[in-house]
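Presented below is the structure to which this report refers.
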Amino acid sequence: MTSTLQPASTTEAVKRPGRWLALGVLVLAVLLVAVDATVLGLATPYISEDLNPSGTQLLWIGDVYSFVIAGLLVSAGSLGDRIGRKKLLLIGATAFGAISVLNAYATTPEMMIVARALLGVAGATLMPATLALIRNLFHDPRERSLAIGIWGATASAGTAVGPVVGGFLLEHFWWGSVFLINLPVMIVLVVVGSKLLPESRHPNPGPWDLLSVGLSLVGMIGVVYAVKEIASHGIDGNALAAGLFGVAALFFFVRRQLVLPQPLLDMRLFRDRGFSGAVLADLLTVFGLSGLVFFLSQYLQLVQGRRPFEAGLAELPAAVGAVVAGLIAGRAARRYSVRAVVAGGLAAIGLALGVLTVIDESTGYPLLGAALLVVGVGAGFSFTVTADVILSSVPKEQAGAASAVSETAYELGAALGIALLGSIVTGVYRGFAAPAGTPAGAHESLGGAVEVAGGLPSDSAQALLASARESFVDGLTLAAGVGAAVLLATAAAAWFMLRGQRLDSKDQTGSGAPPGP
């Protein structure tokens, strides 16, 4: 039986004053996390020169942030459902700002690794909380689709703006400035968010199961670490043991969720074909893109000789395409179909990656820019609609956990993509023919070859760089081809898995209860 109070409550929720300003606050958090994920790559050479970390320490400085985020996303999303998403977001934002200062003023490699890990803990609270709050701010599905489009467009824009901002800061200030830019944004987020954001939580969440938290953390970190290590250095005992331990932890995590009366993550969500299809599409899309995006900055700087700021600007077409497509994705999915928009977007990315298999050292920017624009448009359509499907497939009170699953797919896809596609680039690159007497460091990375060339005679340096750049581009084009194949296969899978999936035109609360605050 429908409560007589339900229509009034729903109308109030739909017409909540200030909801678009509240969305602006959430967008600040998304922008910050997206920018922070990309600026470190540009700052790494400066950090290496100042802190003088070992090779292993440098890898941990780069990787520990994503390890911790991947391990804690599900737990953080579920915690927000329990204690309140607004509360978790404001606590996480405050911590993110404070820990950014610790990152900026780190004086040793060990301090930097710890600071990056703590930043990952804070970052894990932000993304699921923002998407879950959108689910509870916008009960009208059409408004929610537009809000998710803005959310996704901001994340895409932040990923592209990161190199631009980072390049500018690094050309004018010291490397710690790329972390200090977090402070003013976080202050605005906390002050304005405390006034505008409504609180929302699961009405009857049950206890937060610490054993499940531990299994999730150990499992995700173990698997991601093993994939990265095996891709970079081949199979060894430590990486294999970490991977097996991680898989075992995730196995017991799933078993535990199936028997708990109020689990940390309701595994029954995956019985919904639309939910599972959207999560799988996100994971494989990020997998196919990440390896290419990771090495494209090196191509623009070390092969084509662009400065960091110029290289960042060169990648902007992807952000422009993602922003425009994200804003119209919901309307397109309702006019045509979910599977047409998602599969079409994925196919567009696959075709654009296919075009990039023909690039060489002298490829003009029009081809690169056009390909990046198509990648951005395809990603904007696909990611926006899959996020909408994921949120629409679950009851409001589980929005945090569902959002965390979506974000975990992104993180895991990125880790796998950089590791596996990155290993293709690295494997091809290492085989280049170098002049006699070239130090071994030149074969480790293109950056290493550029550094080695600086200490060689002119003729030897030119020969080394020409061979190294050609080999790097060969690896990059091969990785682009593999990425294209993955994206086209994912498009075909999405066409079947999202069959019959629709974005609702009127609110579905998921439980039949009046929408909560």
Side-chain angles (χ1 to χ4, degrees), residues 40 44 53-76 78 109-121 123-124 209-260 263-265 267 270 279-280 283-284 286-287 290-291 294 404-405 407-427 429-430 440 443-445 479 482 486:
L40 185 70
T44 296
S54 67
T56 300
Q57 288 174 328
L58 190 61
L59 285 174
W60 277 105
I61 289 172
D63 290 340
V64 71
Y65 177 76
S66 60
F67 284 168
V68 173
I69 282 187
L72 285 177
L73 275 170
V74 170
S75 300
S78 180
E110 294 82 3
M111 184 177 175
M112 189 69 186
I113 292 169
V114 171
R116 290 293 291 169
L118 292 174
L119 200 65
V121 175
D209 184 51
L210 290 178
L211 180 56
S212 294
V213 173
L215 289 171
S216 172
L217 179 63
V218 170
M220 288 298 299
I221 290 179
V223 169
V224 173
Y225 172 80
V227 169
K228 285 183 177 253
E229 284 296 298
I230 291 172
S232 301
H233 308 294
I235 297 176
D236 63 31
N238 290 336
L240 196 59
L244 292 174
F245 194 64
V247 169
L250 290 178
F251 173 78
F252 285 110
F253 172 81
V254 171
R255 282 194 61 181
R256 184 166 178 81
Q257 304 319 293
L258 292 173
V259 299
L260 285 176
L264 195 71
L265 174 63
M267 303 305 298
F270 290 94
V279 170
L280 181 64
L283 189 151
L284 292 178
V286 176
F287 169 83
S290 292
F294 182 76
V405 171
E407 294 299 325
T408 302
Y410 293 154
E411 292 294 333
L412 186 56
L416 292 172
I418 292 172
L420 299 181
L421 296 184
S423 69
I424 293 175
V425 178
T426 304
Y429 169 79
R430 285 176 177 167
H443 286 273
E444 290 300 314
S445 68
V482 174
V486 170

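Sequential numbering from 1 along the given sequence is applied to the chain's residues.
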Q.
To check you understand the geometry: which heavy-atom pair defines the closest contact between Ala124 and Leu72, and what is its length?
A.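 Scanning both residues, the minimum pair turns out to be CB-CB, 3.8 Å.
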**Q.** Closest non-hydrogen atom pair, Ala226 against Ala239
**A.**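 Scanning both residues, the minimum pair turns out to be CB-O, 3.3 Å.
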**Q.** Under the side-chain contact (heavy atoms from CB on, under 4.5 Å) test, residues paired with Val114 that sit two or more places apart
**A.**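 With sequence neighbours excluded, Val114 shows a side-chain contact (heavy atoms from CB on, under 4.5 Å) to Leu118, given in chain and number order.
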Q.
Distance check, rounded to the nearest 0.5 Å: Met220 atom CE versus Leu215 atom CG?
A.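 Reported to 0.5 Å precision, the distance equals 13.5 Å.
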Q: Nearest 0.5 Å please: distance from the OG atom of Ser212 over to the CG atom of Leu217.
A: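 Here the rounded value is 12.5 Å.
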Name every donor-acceptor pair, under 3.5 Å, that has one atom in a side chain of residues 241-256 and the other anywhere in the protein, sequence neighbours excluded.
from	atom 1	to	atom 2	distance (Å)
Arg256	NE	Asp209	OD2	2.7
Arg256	NH2	Asp209	OD1	3.0

